[in-house]
Amino acid sequence: MSDPDFPEPPAEVKSISPTTLKERIDAGEDVVLLDTRAKSEYEEWRIDGESVDPLNIPYFEFLAGDPDESTFESIPEDRPVVVTCAKGESSRYVGGILADRGYEVEHLERGMNGWASIYEYEELATDGATTIAQYRRPSSGCLAYLIVNGDEAAVIDPLRAFVDTYEADARALGADIIYAIDTHIHADHVSGVRQLAAKTGAATVLSKPAIERGVEYDVDEPVTDGDHLSVGDATIEVVHTPGHTTGMTSFRVDDVLFTGDGLFTESVARPDLEEGDDGAADAARQLYETLQERILSLPDETVIAPAHFSDAATPNDDATYTATLDELMDTMDALTLPQEEFIEFILSDMPPRPANYEEIIATNLGRQSPDDDEAFRLELGPNNCAASQDALTGD
């Protein structure tokens, strides 16, 4: 028995790494992806792409001694198939059954857990001496940023699962991380600010309004609107931008504004994750005022660098997710709506709240202390921090 729940597969099946699978999808190669998780898990979160032909057949349909032939009818015999599951266990078993029947098949290493471990790095184009890199987690749409100037660095919105990556990348650029910054109390992923600080000696940074939500750990650098942090010769300006949450705070470096979950390249923030439905209208009103008075009043060439992207977002040619304010003003009609129409529009089409968001918020406030494995499990799935599942941008 290779696993307590699954017999040994009837034939050997090759594995494919998550990175290789993503490279195929990004290259537009035809991918038949058979997901063997339960339907509810599949519908909540799955691997998508323009070239992906998705199938969902739960693994238990293959567990009978002799699976019904109808189980195989939707699986094409003349195209390569990649099988995935939650952890890479049932996919190996199902892949072995398909291989035994003559299919050209591979199974995804570590399943969706492996997919969630992909983390990509791309430096943004900047004019000065400051290096700004964007990290992308394709499985959830989470974005984080490394800012390096001279021999000092800061990380904005770090994920706990990738603390080692930030330290290694900063060292590769000849810098030590001195600040671990969160834009707000995240509801979709477990923050890595405390773990990054413990590992590198960096100071944790969080806005005072965010701390007032009931943070139960000691923040080294509480900041407020108008404060400044120095990283080498670069200056990070603190800009309070409430709406998504009362503590939502942006950070500005030169012409780049790190907006957290306040403004994305394809949508704006959802306003219901702090006070729920009862407080959503007031938060949406605050979000409107923030956008109009604090963000859209900045120079047109300001680059918006958000903390998330959704499946509806269109990446830049270099695969990053950023946009200038003038680009967003040209493409996102919601930014030009009158206040009451904006509020009604934002409240009309909000997606489901992020999976496990209450436990994640409690963890990020310091009220719960899951171990690394449990923290990783909590944040699996889409982020759902935008006000709409569809892009609010258009041609």
Side-chain angles (χ1 to χ4, degrees), residues 141 143 145 156-157 182-188 207 209-210 213 223-227 236-275 277 279-310 312-314 321-351 383-394:
L143 300 171
Y145 298 89
I156 295 179
D157 288 331
D182 261 347
T183 53
H184 63 297
I185 303 299
H186 291 278
D188 68 297
S207 73
R213 284 187 65 180
V223 294
T224 191
D225 185 65
D227 285 350
I236 302 177
E237 179 186 356
V238 180
V239 184
H240 187 213
T241 50
H244 176 61
T245 65
T246 53
M248 180 69 245
T249 299
S250 300
F251 294 85
R252 187 182 184 189
V253 179
D254 297 328
D255 62 352
V256 180
L257 184 69
F258 303 95
T259 52
D261 289 352
L263 176 61
F264 308 104
T265 62
E266 79 284 12
S267 187
V268 298
R270 66 183 303 158
D272 65 328
L273 293 182
E274 183 172 342
E275 297 293 341
D277 293 337
D282 287 341
R285 182 169 287 103
Q286 189 173 52
L287 174 63
Y288 179 86
E289 293 170 355
T290 286
L291 290 171
Q292 297 300 320
E293 299 171 11
R294 313 257 0 181
I295 296 179
L296 299 180
S297 60
L298 295 172
D300 289 348
E301 62 272 17
T302 300
V303 175
I304 299 302
H308 293 105
F309 66 95
S310 71
T314 301
Y321 290 87
T322 63
T324 61
L325 275 181
D326 59 344
E327 290 170 340
L328 293 181
M329 288 295 292
D330 286 343
T331 59
M332 196 181 300
D333 291 341
L335 297 179
T336 60
L337 291 174
Q339 185 179 67
E340 294 308 313
E341 289 183 30
F342 174 88
I343 294 169
E344 181 180 359
F345 178 72
I346 292 306
L347 298 180
S348 67
D349 187 34
M350 287 189 292
N383 64 77
N384 288 350
C385 285
S388 174
Q389 289 180 306
D390 300 320
L392 301 184
T393 51

Nearest 0.5 Å please: distance from the [atom1] atom of [X] over to the [atom2] atom of [Y].
X	Y	atom1	atom2	answer
D227	I236	CG	CD1	12.0 Å
E344	I346	CD	CD1	11.0 Å
M350	D277	CE	CG	6.0 Å
E275	D282	CD	CG	9.5 Å
L325	D300	CG	CG	7.0 Å
S348	I343	OG	CD1	12.0 Å

For [X] and [Y], which heavy atoms make the closest approach, and how far apart are they?
X	Y	result
A210	I185	O-CG1, 4.1 Å
M332	S267	CE-N, 3.4 Å
F251	V238	CE2-CG2, 3.8 Å
D272	A280	CB-CB, 3.9 Å
A307	D157	CB-OD2, 3.5 Å
D225	H240	OD1-N, 2.9 Å

So does E289 pair up with R294, basic N to acidic O under 4.0 Å?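 Between R294 and E289 there is no salt bridge, as every charged N stays at least 4.0 Å from the carboxylate O atoms.
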Could you tell me how the ring of Y321 sits relative to the ring of F309: parallel (under 30°), tilted (30 to 60°) or perpendicular (over 60°)?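 Geometry flag for F309 against Y321: parallel rings.
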Would you check if the side chain of [X] reaches a backbone N or O of [Y] as a donor-acceptor pair within less than 3.5 Å?
X	Y	answer
E266	S310	yes
Y145	P306	yes
T322	A305	no
D330	E327	no
H244	P271	no

More than 12 heavy atoms of other residues, nucleotides or ligands under 6.0 Å from CD of Q339: yes or no?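 Yes, the 6.0 Å shell around CD holds more than 12 heavy atoms from other groups.
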Between T290, L257, L328, which is the residue that forms a side-chain contact (heavy atoms from CB on, under 4.5 Å) with L263?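 Going through the options one by one, the only one that passes is L328.
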Check each of D261, T246, T241, T245 against H184 using the side chain to side chain donor-acceptor pair (under 3.5 Å) test, and report the only one that passes.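 That would be D261; it is the only one of D261, T246, T241, T245 passing the side chain to side chain donor-acceptor pair (under 3.5 Å) with H184.
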Test item: F342 and L287 side chains (from C-beta on) under 4.5 Å apart, heavy atoms: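 Result yes, sub-4.5 Å side-chain heavy-atom pair found.
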Do I304 and I295 come close enough that some side-chain heavy atom pair is under 4.5 Å?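 Yes, close enough: below the 4.5 Å cut-off.
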